[in-house]
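Numbers restart at 1 for each chain; the letters A, B, ... are given by sequence-line order, proteins then strands. The analysis underlying the following values was restricted to heavy atoms, covering all of them including side chains, and did not include hydrogens, waters or symmetry mates. Note that the structure is predicted; figures quoted are calculated from it, not measured.
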Amino acid sequence: MPELPEVETVARDLRGAVTGRRIERVTVDRPDIVRVPDGRMLPALLTGQRFEGIERRGKYLLLGLDSGDELMVHLGMTGHLLVCDADAPVAKHTHLRASLDDGHELRFDDARRFGRIAYGSREALTAARVLPRLGVEPLSEAFSQARLDAVLRTTTRTVKAALLDQKGVAGLGNIYIDEACFLAGVRPTRRCHRLARRERAALLDAIRQVLSAAVVNRGSSIDDYRDVWNARGSNQERLQVYGRGGMPCFECGTTLRRTVAAGRTTVYCTSCQR
DNA sequence: CCCCTATCCTGAGGGC
DNA sequence: TGCCCTCAGGATAGGG
């Protein structure tokens, strides 16, 4: 499941792989995953343009083009942006291909088709709500205690629900919320407004640490996630609680509890997390 | 405001 | 060997 660290890894790889490259030919095999302005066609819009700046916002990728418009990509659950040789065999679930002027091809592959691709100016993408309003970037300077407190202090919802909401903090998902809660010693089922100041401080620290370590490790490849070169990350080897329900806590040996919070599988240690 | 559920979708894994 | 069922979940929509 691509969350901030996985999408950040893809963004960094893409900067090296496609910046300055001209798009020569575009093939769309699955028009239903693509959103373009009023009846226009993506191949016609993209062909001839060069990639400029590549940005990540939350779990969204924004590939800048020389027209000033952007190609927005959300990887959903199983989406991949891959850069390969143009003559490499096309996989079963490849929905979009853009051949580049260096013999490579940028491909979007997504078995479950939860991913989305859209084209337009940043304003148009926002207005069409293809790119939603997102909260603070948790690896930026702007992610202060005050900003996290604003997300947590007044709401009665659970920590899990609040952190899944992309309007508060952008880029967290099921894996890294459970990991951050473990590191902070806070149960994800706790009500936000009842957290002590030191627990909110611990969460701020834990979110930063868990995400930055995962970026260093190029993301968690649990089953589907791969980088632009189709290689696995290594952060799955460092996960403390995600996917470990019923297994012993690495810290204290207590059997990790698995439950459902905010509609998502949630794992925590009843002894280390309060 | 917030929760839960259904929806989209395929592949993996368990049971028989 | 294969079929059926369940589960996984990011974002969103609709009902309570």
> Nearest-Å distance, CG (A:Asp224) to P (B:dG13)?
Replying inline: 11 Å
> For A:Asn230, which of A:Leu82, A:Val83, A:Asp109 qualifies under side chain to side chain contact (heavy atoms under 4.5 Å, CB included)?
Replying inline: A:Leu82
> Should A:Asp102 and A:Arg22 count as an ion pair when the cut-off is N to O under 4.0 Å?
Replying inline: no
>> Under the side chain to side chain contact (heavy atoms under 4.5 Å, CB included) test against A:Thr9, which residue among A:Arg226, A:Arg56, A:Arg218 passes?
In response: A:Arg218
> Rounded to the nearest Å, what distance is computed from the CZ atom of residue A:Arg57 to the P atom of nucleotide C:dG10?
Replying inline: 18 Å
> Looking at A:Phe182, does the NZ or CZ of A:Arg244 lie under 6.0 angstrom from its six-membered ring centre and within 45 degrees of the ring axis?
Replying inline: no
>> When you measure only distances, ignoring hydrogens and angles, does the side chain of A:Arg112 come within 3.5 Å of the base of C:dA8 through a donor and an acceptor?
In response: yes
> Which part of the nucleic acid does A:Thr78 contact within heavy-atom distance under 4.0 Å: base, sugar-phosphate only, or nothing?
Replying inline: nothing
> Taking CD1 from A:Ile222 and P from C:dA8, how many angstroms apart are they, rounded to a whole number?
Replying inline: 13 Å
>> If you compare all heavy atoms of A:Leu81 against all heavy atoms of A:Leu75, which two are closest, and at what distance to 0.1 Å?
In response: N-CD2, 4.1 Å
> By a strict heavy-atom criterion of less than 4.0 Å, which residues belonging to residues 154-176 of chain A are in contact with DNA chain C?
Replying inline: A:Gln166, A:Asn174
> Can you tell which of A:Arg153, A:Arg194, A:Arg190 makes a salt bridge (charged side-chain N to carboxylate O under 4.0 Å, His left out) with A:Glu199?
Replying inline: A:Arg190
>> What verdict does the side chain to side chain contact (heavy atoms under 4.5 Å, CB included) test give for A:Leu62 and A:Ile54, after you've listed the backbone C-alpha separation in whole Å, the side-chain angles of each residue and the deciding distance to 0.1 Å?
In response: CA-CA 6 Å; A:Leu62 292 153; A:Ile54 312 284; over 6 Å; no
> Quick one: is C:dA11 close enough that its OP1 or OP2 comes under 4.0 Å of any side-chain N or O from A:His74?
Replying inline: yes
>> From CG of A:Leu152 over to P of B:dC2, roughly how many Å is that when rounded to an integer?
In response: 12 Å
> Which word best sums up how the rings of A:Phe108 and A:His95 line up, parallel for under 30°, tilted for 30 to 60°, or perpendicular for over 60°?
Replying inline: tilted
> Of all of residues 234-244 of chain A, which get a heavy atom below 4.0 angstrom from DNA chain C, listed by number?
Replying inline: A:Tyr242
> What integer distance in Å separates A:Lys92:NZ from B:dA12:C1'?
Replying inline: 13 Å
> Reckon A:Arg113 touches a base, only the sugar-phosphate, or nothing at all at heavy-atom distances under 4.0 Å?
Replying inline: sugar-phosphate
>> In whole Å, I'd like the distance from the CD1 atom of A:Ile117 to the C1' atom of B:dC8.
In response: 17 Å
> Quick one: A:Asp109 CG to B:dC9 P, roughly how many Å, whole number?
Replying inline: 16 Å
> Can any side-chain N or O of A:Arg198 pair as donor or acceptor with the backbone N or O of A:Leu195 at less than 3.5 Å?
Replying inline: no
> Counting only N and O atoms by type, is there a donor-acceptor contact under 3.5 Å from the side chain of A:Ser140 to the main-chain atoms of A:Glu137?
Replying inline: yes
>> Applying a 4.0 Å non-hydrogen cut-off, can you work out what A:Arg133 is touching in the nucleic acid: base, sugar-phosphate, or nothing?
In response: nothing
> Is the phosphate of B:dG11, meaning OP1 or OP2, less than 4.0 Å from a side-chain N or O of A:His93?
Replying inline: yes
> Would you say A:Phe114 stacks on C:dA11, if stacking means ring centres under 5.5 Å apart and planes within less than 30 degrees?
Replying inline: no
> What does A:Met1 touch in the nucleic acid at a heavy-atom separation under 4.0 angstrom: a base, only the sugar-phosphate, or nothing?
Replying inline: sugar-phosphate
> In whole Å, what is the span from the CG atom of A:Asp32 to the P atom of B:dC9?
Replying inline: 8 Å
